[in-house]
Amino acid sequence: MTDKKPKNSASSHASFLLTTFYSKKMSFEVPSDLEKEIDERITHYPVSKRSAVLPVLHALQHHFGFLSEDAVEWTAAKLELEPIKVLEVVTFYPGFRQEAPGKYHIRVCRTLSCAMAGSYELMESICEKTGIDRSGVTHHNPIAVSPDGKFSIEFAECLASCGSGPVCLVEDDFHEAVSDVDSLLSQYP
Amino acid sequence: MSEEKTDLLDVQIDGVWHKFPKGTRMIEACKQAGVEVPHYCYHPKLTSPGNCRMCLVEMGMPPRPAPGAEPAEPDEDGHLPISWMPRPVIACANTIGPNMGIKTTGPLTEGCREGVMELLLANHPLDCPICDQAGECSLQEFSVEHGKGESRFREQKVKKPKNVEVGPRIRLDDERCIMCSRCVRFTDEIADDPVLGFTDRGSHTVLTVYPGRELANNYSMNTVDICPVGALTSNDFRFQMRVWFMKETNTIDVNCATGANTTVFTRQGKIYRITPRQNNDVNSDWMPDSHRLNFHWIESEARLTEPLVLDGDHHRPATWSEALTKSADKLSALKGSEIAVIASARMTNEELLITNRLVKHLDAGHVDTVPRIEENDGYLIAADRNPNTNGVKLILGLDDPGSQLDAIREGIEQGRIKGLIVLQENLVGDAGFSGELLGKLDFLLTTYPLANPTADLADVVLPGACWAEKSGTMINVTGRLQRLNKVVDGPGATLEPWEIVRDLIQATGGGNGIYAATDLFKQLAEQVSEFSGISWEQIGDLGLPLIETGETIPLIEREKERIASGLVVG
Ligand code: SF4
Ligand code: FES
Ligand code: FES
């Protein structure tokens, strides 16, 4: 790997979309059972390892909660790709996070049906009750985290339950027609 | 050419039937028929991702007969009727088919172009007045030719990074980028330095250099040339000169034996930029950054602009005739065996021919040139950093240029060589001659564009034109004869080296009668068998193969493979 000291130029550019790419640098180690699982997933793509980039990133995000610079480079090395090719994929899908989420990550649907059923009110209410401040949210960093790190939240597009809005996902749990935010949050200690 | 390429297919383009080899891309067929299909992402030297959609055209094939129906009858020319497809196809990545029809005009194609242009311009900053690309921008050109002239976009434009230093020589304006990916493909496929990519998505997509990396390889500036818009600009050229003010001269690069074909852009005698010019046998469409930027010294303070003669312990300006008379006096006091001539493999064939005449006229005991052998870079830069070593071998008859230098040094050391004529070289700087050694000479004459340590010691210093200020021919590493064309006039009293040598021969009592470098070329054709039958005009802008050297240019060999495999058009 070449010298990774950020160059003025490149990092000022990168900062536009990867605000904390460098500051989030921490020790990165993929546990051996995770690596074994990843290696197995790669075998599903015998023609081109590059095709395994999504499953590998999913596995890493599932484990670490988000995809750090190290995760990008680890994936690139694993799949024998240039890191930029992995970064392209990471930034393409809103489902991949470059920022650490809270212990429980919430996605509130804001597509038409849910929006009409009150998803913006739901978002506001969850933020109020968890102390999450969304004022710093941007297109490039859509996630906001509560001060205690317990919850993080972002808007998502249609979660495919349009008839029972407002709908949200907490981690992998689906919640429909959410009206009582307190009881929703109390399920997550 | 492979067998199948010789299969010709009938294709109708805008109502006229043509024949093209099977495998021809639709866009290339149109080009050969004189019809330009506007395009952004397509570049014949790169793979075709078909992502910009600017090249959409209407396409049709002979109708497939319904079950049981009779197939259509060909007309008297043997062409079947065409049934046009209701949706357009991209002309860049699709190849022609038998009896295919292509329509590059008409409501469908025109509507597509208008639509693509409108979307490309929706988020574009429209800052042509301050953009370097203005005047040579495909976006500008196609917008005029194929755009709607107005936009229905009333929303806020997306803000993107501007003035980003993506590398030491290049700046990026992401708002101008149209995501054609030419630069990405160039760095991937040609320069083997894939640091560029697109991050984010949709209208937020930005060209990004991977954090912590930079676009710094020695071929990086080719991305500026192929960027169809003003997104990638050269630090060296930006804001220096409007492109429509500049004059373009075709010539060749002289920084190594490859002799990349170039276009030099000038205004009022000043060079502003050099870009590669396509020659598929020499440099494809590319050239190294180090070579294209090596021209600022031409305007250096250190340029020699008039002849100088040593007067006591300092140099004073002299007229040409004084300097030449002084040289002739000094030289006539010496025997031929006491004179050595060191010429340069940076000289043209014409200059070498007349140098050879000088050597014979003076009956000089030694002649050689200064070799410059380094590493081949594996792309375009030849190991031989002299542009015309093959000319030296052929015309001066030196089998191993540089092999005489030791003998010349020894001769000077031992006092056997008393007079030295150095043509377009700096011996102290480039050939390991010491000032002390040169001090032993009775007479030292040098010609060179710049002041230099060898000239400091010379009795006579003559200002020789540099590569941009002279015309002639050179033979590149593969044995190709190429033309160097005069781009600008030399400063002050500078003369082209062949003129200096001619005047020197005349001053020492030899003949004259040569008025142009082309006269010398005629003599070359008469005197050197390899050149026989070749005329100056015949060499043209792309040169012609002259001798077999057995050498190849690595990037060109790789390109041939890519073409043969059908990956790129070439
Ligand atoms: S910077 Fe230029 S060459 Fe690169 S993708 Fe953008 S428009 Fe194309
Ligand atoms: S709109 Fe919310 S689930 Fe479809
Ligand atoms: S030129 Fe871009 S799609 Fe054909």
Side-chain angles (χ1 to χ4, degrees), chain A residues 1-25 48 50 53-54 57 67-77 79-99 137-142 156-157, chain B residues 49 51 123 155-177 179 181 183-217 220 223 231-235:
Chain A
M1 210 70 272
T2 50
D3 178 15
K4 289 210 293 274
K5 194 170 125 315
K7 297 268 171 5
N8 256 346
S9 51
S11 67
S12 63
H13 180 205
S15 67
F16 185 78
L17 51 145
L18 312 162
T19 333
T20 47
F21 214 75
Y22 292 105
S23 57
K24 279 271 159 61
K25 220 168 159 164
S48 158
R50 183 174 185 173
V53 68
L54 277 176
L57 290 173
L67 297 167
S68 62
E69 179 194 17
D70 288 322
V72 168
E73 284 178 9
W74 188 89
T75 308
L79 300 177
E80 293 161 34
L81 294 172
E82 279 294 320
I84 184 72
K85 305 291 179 211
V86 178
L87 186 62
E88 286 182 331
V89 177
V90 170
T91 57
F92 185 88
Y93 292 103
F96 287 131
R97 293 187 286 274
Q98 291 179 269
E99 298 294 320
V137 160
T138 64
H139 174 82
H140 301 284
N141 182 23
E157 302 310 329
Chain B
N51 64 22
N123 276 303
E155 291 76 7
Q156 283 279 319
K157 297 201 181 218
V158 177
K159 288 263 174 291
K160 292 184 185 177
K162 293 183 89 72
N163 201 9
V164 183
E165 255 181 70
V166 287
R169 295 176 287 283
I170 298 176
R171 257 156 226 275
L172 165 67
D173 183 322
D174 256 319
E175 291 184 346
R176 292 181 189 154
C177 171
M179 274 74 74
S181 83
C183 57
V184 179
R185 281 173 281 142
F186 175 83
T187 51
D188 273 6
E189 299 168 15
I190 312 284
D192 305 318
D193 182 27
V195 292
L196 297 177
F198 292 119
T199 52
D200 235 300
R201 189 170 48 130
S203 56
H204 292 271
T205 309
V206 284
L207 177 72
T208 309
V209 58
Y210 189 75
R213 301 277 292 272
E214 49 177 12
L215 179 58
N217 69 70
S220 68
T223 60
L232 293 170
T233 51
S234 143
N235 283 348

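Naming convention: chains lettered A, B, ... in sequence-line order (proteins, then strands); numbering from 1 in each chain. Basis for what follows: all heavy atoms, side chains included, without hydrogens, waters or symmetry-related copies.
By the side chain to side chain contact (heavy atoms under 4.5 Å, CB included) test, Asn163(B) pairs with Arg171(B), Arg238(B), sequence neighbours left out. Looking at residues two or more places apart in sequence or on another chain, you find no ring-ring contact (aromatic ring centres under 6.0 Å, His included) involving Phe198(B).
The shortest side-chain heavy-atom distance between Val195(B) and Pro83(A) does not fall under the 4.5 Å cut-off. Lys85(A) has its side chain out of reach of Tyr210(B): every pair of non-hydrogen atoms, C-beta onward, lies at least 4.5 Å apart.
In this structure, Thr199(B) OG1 and Phe92(A) CZ are separated by 11.5 Å, a value rounded to the nearest 0.5 Å. To the nearest 0.5 Å, the span separating OG1 on Thr187(B) from CD1 on Ile84(A) amounts to 9.0 Å. Residue Glu82(A) holds its CD atom at 5.0 Å from CZ of Arg213(B), rounded to the nearest 0.5 Å.
Residues Asp200(B) and Thr91(A) approach most closely at N-OG1, 2.7 Å, considering heavy atoms.
The part of Leu196(B) that comes within reach of chain A is its backbone (N, CA, C, O), which places non-hydrogen atoms under 4.5 angstrom from that chain.
Using a 4.0 Å cut-off between charged nitrogen and carboxylate oxygen, Glu88(A) and Arg201(B) do not count as a salt-bridge pair.
Other residues, nucleotides and ligands contribute more than 12 heavy atoms inside 6.0 Å of the CD atom of Glu155(B).
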